[in-house]
Chemist: 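Got a structure for you, written out below as structure tokens; questions coming shortly.
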Amino acid sequence: MKKDFKIQIFNSMGRKKEPLVLREPGRAGLYVCGVTVYDYCHIGHARVMVVFDIIVRYLRACGLEVTYVRNFTDIDDKIIQRASALNIPFQQLTEQFIAAFHADMEALGVGKADVEPRATEHLAEMQAMIASLLAKGLAYPGGGDIFYAVDRFPAYGQLSGKNLAELQSGSRVDVDTHKRNPLDFVLWKKAKPGEPHWPSPWGEGRPGWHIECSAMSGKYLGTAFDIHGGGMDLLFPHHENEIAQSEGSTGQPWVRYWLHNGFVNVLTDSGEREKMSKSLGNFSTIRDLLAHYPGEVVRLFILNSHYRSPLDFSTELLETARHGMDRLYSALAGANKALQATAPDRTATGETVPDREEWGSWATDAAHFFAAMDDDFNTPQAIAVLFDIAKKINRAIPLLEQGQAETGAEIQTGVDLLRHLAAILGLLGDDPDHYFHRQGEEGLADVEIDRLIQQRLDARQARDFPAADRIRQQLQEAGITLQDTKEGTTWRRA
Ligand SMILES: [Zn+2]
């Protein structure tokens with residue numbers, strides 16, 4: 001789809017929105033810090049992966065050629081500890097959780113990255129970078145390890161917006177006596193007995209965590225690239241350290257735009273917010289969630305918040321997302337039914353979405369969607385547009401059924417647009433009947449409920465209040481309670 005390329009992006013470096021200007025017009029390189037593979041992924045991981053999946057999809061929808069690199073940390077302390085507790089080789093553990101990651105992501109509709117490098121397969125690149133940092137006096141050996149000397153890199157703190165003294169006062173007191181500065185970090189770790197190790201010019205050992213992202217992004221995206229992303233929790237020290245390594249070794253500016261997604265908060269029963277963490281006991285794996293909600297619903301739930309805002313996690317909000325997903329599919333199902341009954345030559349399967357620039361009476365909706373996404377990937381606003389389109393489709397269906405044949409083309413275009421825009425967000429990829437069938441009996445009835453609610457609304461607009469009351473009564477008898485709000489009518493089961 002042809003559109004002007006005018007994305008505004010919030011850059012954590014400098015903390016302001018700026019126009020996205022690519023190093024090479026038409027092409028974007030993007031690196032996102034991936035997961036450490038020693039356990040199942042939780043909702044926090046789901047958020048990072050869904051957020052950057054959307055960003056990649058949107059950049060591609062804008063016609064850009066995107067190279068997306070997302071790594072696996074497949075060696076670190078937690079991996080070694082877990083594998084040793086299970087008495088299995090660490091590779092067996094990491095293979096298992098890389099496979100689990102891919103299965104979870106597939107269920108969430110998150111595509112594979114173009115390159116998914118693993119740390120243990122890039123030791124040569126990491127060692128080359130460490131050697132260059134040593135040669136430049138930016139790194140030093142201590143007790144068999146190699147450390148980065150942060151006070152030799154004057155720009156240290158540029159991403160956090162703090163100087164060395166401020167960062168130092170806020171840092172934990174480090175017990176490692178081999179460090180010259182508490183903010184110095186390890187680039188290469190000397191092997192401890194019984195741990196996995198690799199040969200290096202500095203003896204047998206393994207890489208530190210930060211160096212892998214610098215080395216692997218450099219290999220696949222070049223020594224400078226456009227966008228680096230990750231969770232807010234990685235901004236300091238991980239991303240600050242990545243900058244120190246990459247810019248320190250090349251002497252050149254590295255990443256243009258830094259994007260960070262917000263934390264996931266858990267809403268407790270008493271309405272309190274807690275940061276999600278394992279230690280709080282509110283750890284919910286993606287698998288737990290997928291046992292209760294379709295992947296698409298989890299995705300919609302995540303996208304209902306802007307990526308930089310905190311994401312409140314509660315079953316109530318998940319249910320809201322489920323209901324929203326039902327409403328979107330219900331509009332498609334209703335349109336299908338009406339089109340098949342009145343214009344069998346039209347199909348609303350969305351299989352052949354035309355790549356059109358003109359959406360007729362729907363053009364404003366399309367423009368609103370793109371304006372929202374252009375504005376720092378504002379998915380809540382973009383999703384609101386999807387609901388507007390669904391509402392308009394629902395309103396047009398009775399007109400078609402009453403014989404206004406020209407409404408058929410209108411509905412068809414609306415369905416095409418809805419599918420087209422939703423696909424950019426990785427939503428509505430299913431056939432409506434299949435979606436409701438998977439949701440079980442309950443779901444099949446949802447379509448009918450939404451249709452009855454629409455009929456009631458139409459009756460009220462036509463001031464046929466007895467008819468509207470009859471529909472409310474009919475729903476009441478089926479155990480469905482309606483609630484009329486400013487935003488429209490919602491319903492719940494008894
Ligand atoms: Zn990283």
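Keep in mind the model is a prediction, meaning the values are calculated, not measured.
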Chemist: Give a yes or no on whether the backbone of W254 and the side-chain of S246 come within a donor-acceptor separation of less than 3.5 Å.
Modeler: no
Chemist: Examine distances only and state if a side-chain atom of S314 and a backbone atom of L317 form a donor-acceptor pair shorter than 3.5 Å.
Modeler: yes
Chemist: Strictly below 4.0 Å, N to O, side chains only: are K17 and D375 in salt-bridge contact?
Modeler: yes
Chemist: What class does the angle between the rings of H239 and H260 fall in, given that below 30° is parallel, 30 to 60° is tilted and above 60° is perpendicular?
Modeler: tilted
Chemist: Using modelled atom types and a 3.5 Å cut-off, is there a donor and acceptor pairing between side-chain atoms of E240 and backbone atoms of L159?
Modeler: yes
Chemist: Answer yes when D430 and R419 have at least one side-chain N-carboxylate O distance shorter than 4.0 Å, and no when they do not.
Modeler: no
Chemist: Could you tabulate the donor-acceptor pairs under 3.5 Å formed by side-chain atoms of residues 364-373, not counting sequence neighbours?
Modeler:
{"residue": "D365", "atom": "OD1", "partner": "K392", "partner atom": "NZ", "Å": "3.3"}
{"residue": "D365", "atom": "OD2", "partner": "K392", "partner atom": "NZ", "Å": "2.9"}

Chemist: Could you tell me whether R456 and D484 make a salt bridge, using a distance below 4.0 angstrom between a side-chain N and a carboxylate O?
Modeler: yes
Chemist: Salt bridge between E296 and R299, side-chain N to carboxylate O under 4.0 Å?
Modeler: no
Chemist: Going by side-chain contact (heavy atoms from CB on, under 4.5 Å), V110 matches just one of M49, H102, R57. Which one?
Modeler: M49
Chemist: Between D226 (side chain) and G29 (backbone), is there a donor-acceptor pair under 3.5 Å?
Modeler: yes
Chemist: Between Y38, F101, F97, which is the residue that forms a ring-ring contact (aromatic ring centres under 6.0 Å, His included) with F72?
Modeler: F101
Chemist: May I ask you to check whether Y68 and D53 show a side-chain donor-acceptor distance below 3.5 Å?
Modeler: no
